[in-house]
Amino acid sequence: FAFNEEEVLGVSPPDDAAVVVVATAPEECAASAEAAPESGRQDEGCSPLLAYVHDARVLDLSYCGIFGPKIGQLVAEFLQSDAGRELTHLDFTGDCLNSEATAVIATSLKDNATVTYLNMANNCISVDGAVQIAACLQVNTALARLDLSGNSIGVEGVRHLTESLVTNKALTYLNLSYNSLGAAGADIVANFLKKSANITHLDVEGNRIGDEGAKCIACCLDENNTLTDLNMSHNNICDTGAGNLAESLRRCQSLTQLDLSHNKIGAKGAAFIADSLKVNSALTHLSLSANPLGAEGVCDVAGGLVNSVVTHVNLSSVDCGDEGAKHIAGCLQANEAVSVLFFCDNGFGDEGAQWFVENLPKTATLQRLYITGNHVSKESKRALKEAAMSLVAFECDDLH
């Protein structure tokens, strides 16, 4: 999704944070620690891996090459040390954490009052690990953002997590992408969202939820008033699922960002979504990239955008050619909201480029346009760049 993630999610470290990145192998850390002055150690109980950490608010242990229960114990010790008492961001991405290591870390965070961001993506966390994390979430009152993407928690794992989150009032950001949830897992998540008044960002990318799962999520949007950012990309959602989501978008006035990229939504599904945009007054970011919309689907979306409040649109790789370019370029002239448009890899040529050349000078709100990967001649590229002179950002293929 080609939008600024730090701006959207707000998960970047504070400006004054001391960021500690541990990217060396454990044996190298241990060797260097032997030469460390005693004054450089905050706590004799801490491992040599963390010997040089001072007043850190951000600790990045991602892809360190350490795994198993040892890494969990090291961090558990550190959290109890003087140096660890101000830690706010903790990252374990790609550390091959197993259930035992996950249990140690989760237990150490139960009564922690400072860590607000925990990233455990791309590990070996299964149902057992999810149970331990759920137990932590039942009592932890500080953790606001949790990333469990790229694990194997499955349906039972997500059941435990969501049950614990019903009473949790702190967590607002939850990433469950690529966890083999399927439609059954999506149903569990949807039922949780009906009761949740805290989650504002949910990521279920790559869980193969299909149309059935999309319908479950769509139904919960009618009862949830807090979710603002939803990522459902890479989920085998077709026109039927898009139709269910579109129906909910007609009534949902909390969701501001929706990512449906890399699904199987065609022209029919695009028409459903386009109709909902005409009445929805909340959605500002929409991605339909890498869906087989075709020129017909883009035509419908362009029509829906004319009077919508959507400001960021991603329609790259939707196979719409010159005809699609004609409709989206024409929409830019009439629309008074779109400021960012991605329209890359759509197979349009000089004819499509000419529509942009004619309409770009007439657009009132567009600031950034990205149209790389199309079949445009040198002459048309020059004309496009000249027409886009007033834009803050414009990207087309190089002149060669």
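Separating the CG atom in Asp60 from the OG1 atom in Thr93 is a distance of 7.0 Å, to the nearest 0.5 Å. The line from SG of Cys124 to CG of Asp128 is 13.0 Å long, rounded to the nearest 0.5 Å. Here the CG-CE distance, from Leu146 to Met120, works out to 8.0 Å after rounding to the nearest 0.5 Å. Distance check, rounded to the nearest 0.5 Å: OG1 of Thr172 to CZ of Arg145 gives 5.5 Å. How far CG of Asp300 is from CD1 of Ile273: 10.5 Å, rounded to the nearest 0.5 Å. One finds the CD atom of Gln257 at 10.5 Å from the CG atom of Leu227 (value rounded to the nearest 0.5 Å).
The minimum heavy-atom distance linking Ala246 with Ser276 is given by the pair O-CB, 3.2 Å. Of all heavy-atom pairs spanning Asn151 and Asn179, the tightest one is C-OD1, 3.0 Å. The minimum heavy-atom distance between Val310 and Leu305, with the atom names listed, is CB-CD2, 3.9 Å. Taking all atoms of both residues into account, the shortest heavy-atom contact from Gly129 to Ser99 is N-OG, 3.7 Å. Nearest approach of Ala325 to Cys320, heavy atoms of both residues: N-SG, 4.3 Å. Considering all non-hydrogen atoms of both residues, Leu258 and Leu249 come closest at CD2-CD1, 3.9 Å.
Taking a 6.0 Å sphere around CD of Glu336, one finds it holds 12 or fewer heavy atoms contributed by other residues, nucleotides or ligands. Within 6.0 Å of the NZ atom in Lys195, the count of heavy atoms belonging to other residues, nucleotides or ligands does not exceed 12. Counted within 6.0 Å of CD on Glu296, heavy atoms from surrounding residues, nucleotides or ligands total 12 or fewer; the atom is thus considered open. More than 12 heavy atoms of other residues, nucleotides or ligands shown are found within 6.0 angstrom of CD on Gln138. By the 6.0 Å contact criterion, CD on Glu212 is open, its count of non-hydrogen atoms from other residues, nucleotides or ligands being 12 or less.
Judged by distance alone, the side chains of Tyr63 and Asn122 do bring a donor and an acceptor atom under 3.5 Å apart. In the model, Glu323 has a side-chain atom that pairs as donor or acceptor with a side-chain atom of His327 under 3.5 Å.
Residues Glu156 and Arg159 are paired through a salt bridge, judged by an N-O separation under 4.0 Å between the basic side chain and the carboxylate.
Aromatic ring orientation, His285 versus His312: parallel (interplanar angle below 30°, classes split at 30° and 60°). Ring geometry for Phe348 against Phe356 counts as tilted: the plane angle lies between 30° and 60°, on a 0 to 90° scale. Ring geometry for Tyr370 against Phe342 counts as parallel: the plane angle stays under 30°, on a 0 to 90° scale with 60° as the upper cut.
Partner of Ile371 under the side-chain contact (heavy atoms from CB on, under 4.5 Å) criterion, chosen from Cys396, Cys344, Ser316: Cys396.
Formation of a donor-acceptor pair under 3.5 Å by the Asn191 side chain with backbone atoms of Thr162 is not found in this model. Formation of a donor-acceptor pair under 3.5 Å by the Asn175 side chain with backbone atoms of Ser177 is found in this model. Judged purely by atom type and a 3.5 angstrom limit, Asp397 uses its side chain to pair as donor or acceptor with the backbone of Gly373. The main-chain N or O of Glu205 is found under 3.5 Å from a side-chain atom of Asp203 such that the two form a donor-acceptor pair. Asn235 places a side-chain N or O within donor-acceptor distance of the main-chain N or O of Arg208, the cut-off being under 3.5 Å. At distances below 3.5 Å, not a single donor-acceptor pair connects side-chain atoms of Asn198 with backbone N or O atoms of Leu171. A donor-acceptor pair is defined here as one N or O able to donate and one able to accept, closer than 3.5 Å; no such pair exists between the side chain of Ser248 and the backbone of Asp222. Here the side chain of Asn123 pairs a donor or acceptor atom with the backbone of Cys96 at under 3.5 angstrom. In this structure, Asn244 contributes its side chain and Ala242 its backbone to no donor-acceptor pair below 3.5 Å. Without hydrogens or angle criteria, Asn346 side chain to Val318 main chain gives a donor-acceptor distance under 3.5 Å.
In terms of hydrophobic clustering, with Ile, Leu, Val, Met, Phe, Trp and Tyr side chains grouped at heavy-atom distances under 4.5 Å, Ile188 and Ile133 are assigned to a common cluster. The cluster map of Ile, Leu, Val, Met, Phe, Trp and Tyr, joined by side-chain heavy atoms under 4.5 Å apart, puts Trp355 and Phe343 in different clusters. Leu118 and Tyr178 fall into different hydrophobic clusters, where Ile, Leu, Val, Met, Phe, Trp and Tyr side chains are chained together by heavy-atom contacts under 4.5 Å. Under a hydrophobic-cluster definition in which Ile, Leu, Val, Met, Phe, Trp and Tyr are linked whenever side-chain heavy atoms come within less than 4.5 Å, directly or via other members, Leu315 and Val306 are assigned to different clusters. Hydrophobic clustering (side-chain heavy atoms under 4.5 Å, transitive across Ile, Leu, Val, Met, Phe, Trp, Tyr) groups Ile199 together with Leu245.
Looking at Gln354 and Ser380, their side chains never come closer than 4.5 Å, going by heavy atoms from C-beta outward. With contacts defined as side-chain heavy-atom distances shorter than 4.5 Å, the pair Asp350/Val376 qualifies.
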Verdict with reasoning, Arg368 to Leu391, per side chain to side chain contact (heavy atoms under 4.5 Å, CB included):
CA-CA 6 Å; Arg368 301 174 185 273; Leu391 301 185; over 6 Å; no

Should Leu286 and Leu277 be marked as a side chain to side chain contact (heavy atoms under 4.5 Å, CB included) after you check the CA-CA gap, both sets of side-chain angles, and the distance that decides it?
CA-CA 10 Å; Leu286 174 65; Leu277 296 180; 4.0 Å; yes

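Each side-chain hydrogen bond (donor to acceptor under 3.5 Å, both in side chains) pair with one or both residues in residues 104-115, not counting sequence neighbours, appears once here: Asn112-Thr114.
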